[in-house]
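Written out below as structure tokens is the structure these notes cover.
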Amino acid sequence: MVEIKVDPNVLAAMRRAFPSPPNSATRQFHRYVAVLKTMLLDSLLRGQTVEELKLNLFSISLHQLANDGGQIGKDKVRVHKWLKDNNLALVETVMLGTNLTGMVSKVKFTDLVTLEMPLATSLLPNLLNDASALNSMHNPSAKATAELINHLYPDFAQCVANQTLDKVFDAVSIDIKSLENYMQWLRSGATKLSASKRKLYLLQAHVILSVAKDKGGKYYQRRKPSDFGRTYYCGTSVQNVNKELRRAMLGNCWEYDIRSSVVAWKMGFARECIVAMNLSGRVRENFKHTLSYLEDKKGLMATLRYLVFSKHSEVPAALQPTLLKQAFTALSFGACKTSRAWMDQNGEWARPAMVEIFRVKQERDLFLNDVSVVGFIKEQGLLDDFLFNGIKQQRPDLLKLPYLQTQKGNASKSKCVAFLYQHQETLVMNIVRDAVVARGKTVLASIHDAIITKERLGVELTSEIEQLMQDETDNCYWRLGGTKLKRYALPNSKT
């Protein structure tokens, strides 16, 4: 799938510099190249930006490469450092990542390296219509598949032998024909997608398809628990692919998500907030704008869309509701008018902030100065303060956790709110999932605040589960919404 060929002079130089113990230089050299190859593949699976594609750059962690790339010689010199110090570096740093930005470095390979990426190469724009390339993706060689499987699941056989497969991975059933149809559409029909997106989506689809064909129709996702309470997956997963690829891989199914989940969760504390902060009036009087968002989101969005975006706006009409939704999500997690970043539901600093969501200052000002938005920001601030004060009083030990602190070592209100939210979200979705399974329905996948089921739950069952969510968490604001997903079928085709 990906091959790195290094100028033979590099290994020869290492052998001369480290002649003993025998084969040490060769062993450490191949270890370093193997680590670099793994990181290159991971970078490709994450997808390259337009800038990276133009400049042939890849995003990798140089810190991880140096640490995992091995050491050599009696002084235990890192291979990565030795190569650099002796003008034999395999990668050149173009943009150095830092802990402050949370971004990994952007690198390009030096002239000492030749990359062979038959899959990636076949997805470049000028080859997107190459039928033989597409056929190789639908029917990858045994060698290519074995290499990919070994990269993704080096411990698969051991997990099977130890009967721990279900503890390490979550398996998803793949609609192979639907996924193949999606790949065909990307190749010939996705004219509105950029070449870089088509390349990434094809690559992700290829990975899923190759695994599913090798594993009897199953795609295995390696669990990656988060300190903030969620379960993520390593690499390409049902959680991080685009929505069209998700429905392509799952086929005909139903997605049920918590409507406005973080806002609904916060409103569950409204009564306690009023008492704790000595506010006068009832819930509706103190949180009328937040309730408007929960109860008439469609109407609120339509009004704001009319007020914010003129008929001459450069923002496409189809994108306007998405930007408004992003803005409210950012505000609910602590973004403010002057923020350059905001803490998202993953507990990480997220960009864009308001200045990036609304690129045109006039549109940004119209949104942020709207009376409903101003009220929403104020109410969210009250709830955030209440939740943060609650942690200070009831769980001060949490404030000492490094991942809930700022870079200066102070407790972060945004991180604490995200921490509380994710743990509650996990609890609520466990209630939903258990209820669905108990009633004989099939859960195909989990996506944080949503589940995907094979069968339609129906109005009665959905209402029943909603009531269960509300009763078990003492929060009357939880709501479930269902969306039907259809498998991918080519035009004039029944499959």
Side-chain angles (χ1 to χ4, degrees), residues 1-2 38 41-47 119-120 123 134 136-160 163-186 199-225 230-255 429 433 436-437 441-448 450-455 485-489 495:
M1 188 175 183
V2 175
T38 295
L41 180 55
D42 288 338
S43 177
L44 288 170
L45 292 177
R46 284 194 301 270
L119 171 62
L123 303 181
L134 183 70
S136 69
M137 293 174 66
H138 287 332
N139 302 286
S141 67
K143 179 182 178 182
T145 299
E147 179 179 313
L148 175 63
I149 297 298
N150 184 61
H151 170 76
L152 297 175
Y153 314 109
D155 55 344
F156 194 88
Q158 183 179 357
C159 288
V160 173
Q163 298 183 338
T164 58
L165 198 62
D166 293 340
K167 296 180 180 179
V168 179
F169 300 97
D170 283 338
V172 179
S173 296
I174 303 300
D175 186 329
I176 290 178
K177 186 59 181 177
S178 172
L179 186 56
E180 289 180 337
N181 288 341
Y182 172 74
M183 295 169 72
Q184 173 68 28
W185 172 76
L186 283 175
K199 175 183 175 181
L200 171 61
Y201 299 163
L202 273 166
L203 184 58
Q204 291 175 329
H206 168 82
V207 170
I208 296 168
L209 181 66
S210 298
V211 173
K213 286 187 173 182
D214 185 78
K215 301 297 182 185
K218 300 284 188 180
Y219 181 68
Y220 288 86
Q221 305 171 121
R222 187 183 300 275
R223 291 197 187 107
K224 185 182 179 182
R230 280 181 171 175
T231 295
Y232 292 91
Y233 299 114
C234 299
T236 300
S237 74
V238 70
Q239 291 178 350
N240 59 24
V241 297
N242 71 81
K243 291 183 178 181
E244 292 300 290
L245 176 50
R246 184 183 300 154
R247 77 177 178 96
M249 61 189 286
L250 297 177
N252 292 327
C253 56
W254 287 79
E255 180 175 336
M429 290 313 299
R433 195 179 299 102
V436 169
V437 173
K441 305 296 184 180
T442 305
V443 177
L444 297 177
S446 299
I447 312 172
H448 306 318
I451 61 169
I452 297 179
T453 63
K454 185 176 182 180
E455 307 89 359
L485 305 181
K486 293 184 178 180
R487 72 195 305 265
Y488 255 80
T495 60

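Because the structure is a prediction, the values reported are computed rather than measured.
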Practice task
Look only at the side chain of R223 and the backbone of C234, and say whether a donor-acceptor pair between them is shorter than 3.5 Å.
Solution key: no

Exercise for the section: Please examine the side chains of K224 and T231, heavy atoms only from C-beta on, and report whether any two atoms are closer than 4.5 Å. Expected result: no

Fill in the blank from the handout: Taken to the nearest 0.5 Å, the spacing of L186 CG from L202 CG works out to 4.5 Å

Handout entry: Over all atoms of both residues, closest heavy-atom pair of Y233 and S446
Key = CE1-O, 4.5 Å

Handout entry: Spatial distance of atom CG (L179) from atom CE (M249) [nearest 0.5 Å]
Key = 7.5 Å

Handout entry: Nearest atoms (heavy-atom pairs only) where S178 meets G251
Key = OG-CA, 4.4 Å

Practice task
Classify the side-chain pair E244/Y488 by whether it contains a donor and acceptor separated by less than 3.5 Å.
Solution key: yes

Exercise for the section: Not counting sequence neighbours, which residues clear salt bridge (Lys or Arg N to Asp or Glu O under 4.0 Å) with R433? List them please. Expected result: none

Exercise for the section: Supply the atom-to-atom distance T236 OG1 to Y201 OH, rounded to the nearest 0.5 angstrom. Expected result: 12.0 Å

Handout entry: Beyond-backbone contact of M429 with H448, side-chain heavy atoms, under 4.5 angstrom
Key = no

Problem - Backbone N/O of V238 and side chain of Q221: donor-acceptor pair under 3.5 Å - result: yes

Handout entry: Any donor-acceptor pair under 3.5 Å from N240 side chain to S237 backbone
Key = yes

Exercise for the section: Say whether, by atom type as modelled, one donor and one acceptor occur between the side chain of D170 and the main chain of Y220 under 3.5 angstrom. Expected result: no

Handout entry: Side chain to side chain, K177 and D175, heavy atoms closer than 4.5 Å
Key = yes

Handout entry: S210 to L148 - nearest heavy-atom pair and separation
Key = CB-CD2, 3.7 Å

Handout entry: Euclidean distance, T164 OG1 relative to Q158 CD, rounded to 0.5 Å
Key = 7.0 Å

Handout entry: Criterion side chain to side chain contact (heavy atoms under 4.5 Å, CB included) on W254 and K454, from CA distance to verdict
Key = CA-CA 6 Å; W254 287 79; K454 185 176 182 180; over 6 Å; no

Practice task
Could you grab the distance from atom CG of L200 to atom CD of Q204, nearest 0.5 Å is fine?
Solution key: 4.0 Å

Exercise for the section: Report the C-alpha distance between L245 and N242 in whole Å, list the side-chain angles of each, state the deciding distance to 0.1 Å, and finish with yes or no for side chain to side chain contact (heavy atoms under 4.5 Å, CB included). Expected result: CA-CA 5 Å; L245 176 50; N242 71 81; 3.6 Å; yes

Handout entry: Any donor-acceptor N/O pair, R487 side chain to N252 backbone, under 3.5 Å
Key = no

Exercise for the section: Please tell me if the side chains of V207 and L152 come closer than 4.5 Å, counting only heavy atoms from C-beta onward. Expected result: yes

Practice task
Check I149, L165, V168 against F156 for a side-chain contact (heavy atoms from CB on, under 4.5 Å) and give me the one that passes.
Solution key: L165

Practice task
Taking only Lys NZ, Arg NE, NH1 and NH2, and the carboxylate oxygens of Asp or Glu, determine whether R222 and D155 approach each other closer than 4.0 Å.
Solution key: yes

Exercise for the section: For residues H151 and D42, determine if any side-chain heavy atom of one lies less than 4.5 Å from a side-chain heavy atom of the other. Expected result: yes

Practice task
Validate the cation-pi geometry between K218 and F169: distance from NZ or CZ to the six-membered ring centre under 6.0 Å, angle to the ring axis within 45°.
Solution key: no

Practice task
Would you sort out whether L444 and T453 count as a side chain to side chain contact (heavy atoms under 4.5 Å, CB included), showing the intermediate values?
Solution key: CA-CA 5 Å; L444 297 177; T453 63; 6.0 Å; no

Exercise for the section: Test I452 against R246 for side chain to side chain contact (heavy atoms under 4.5 Å, CB included), laying out the working first. Expected result: CA-CA 10 Å; I452 297 179; R246 184 183 300 154; 3.7 Å; yes

Handout entry: Rounded distance (nearest 0.5 Å) linking atom CG of L209 with atom OG1 of T145
Key = 9.0 Å

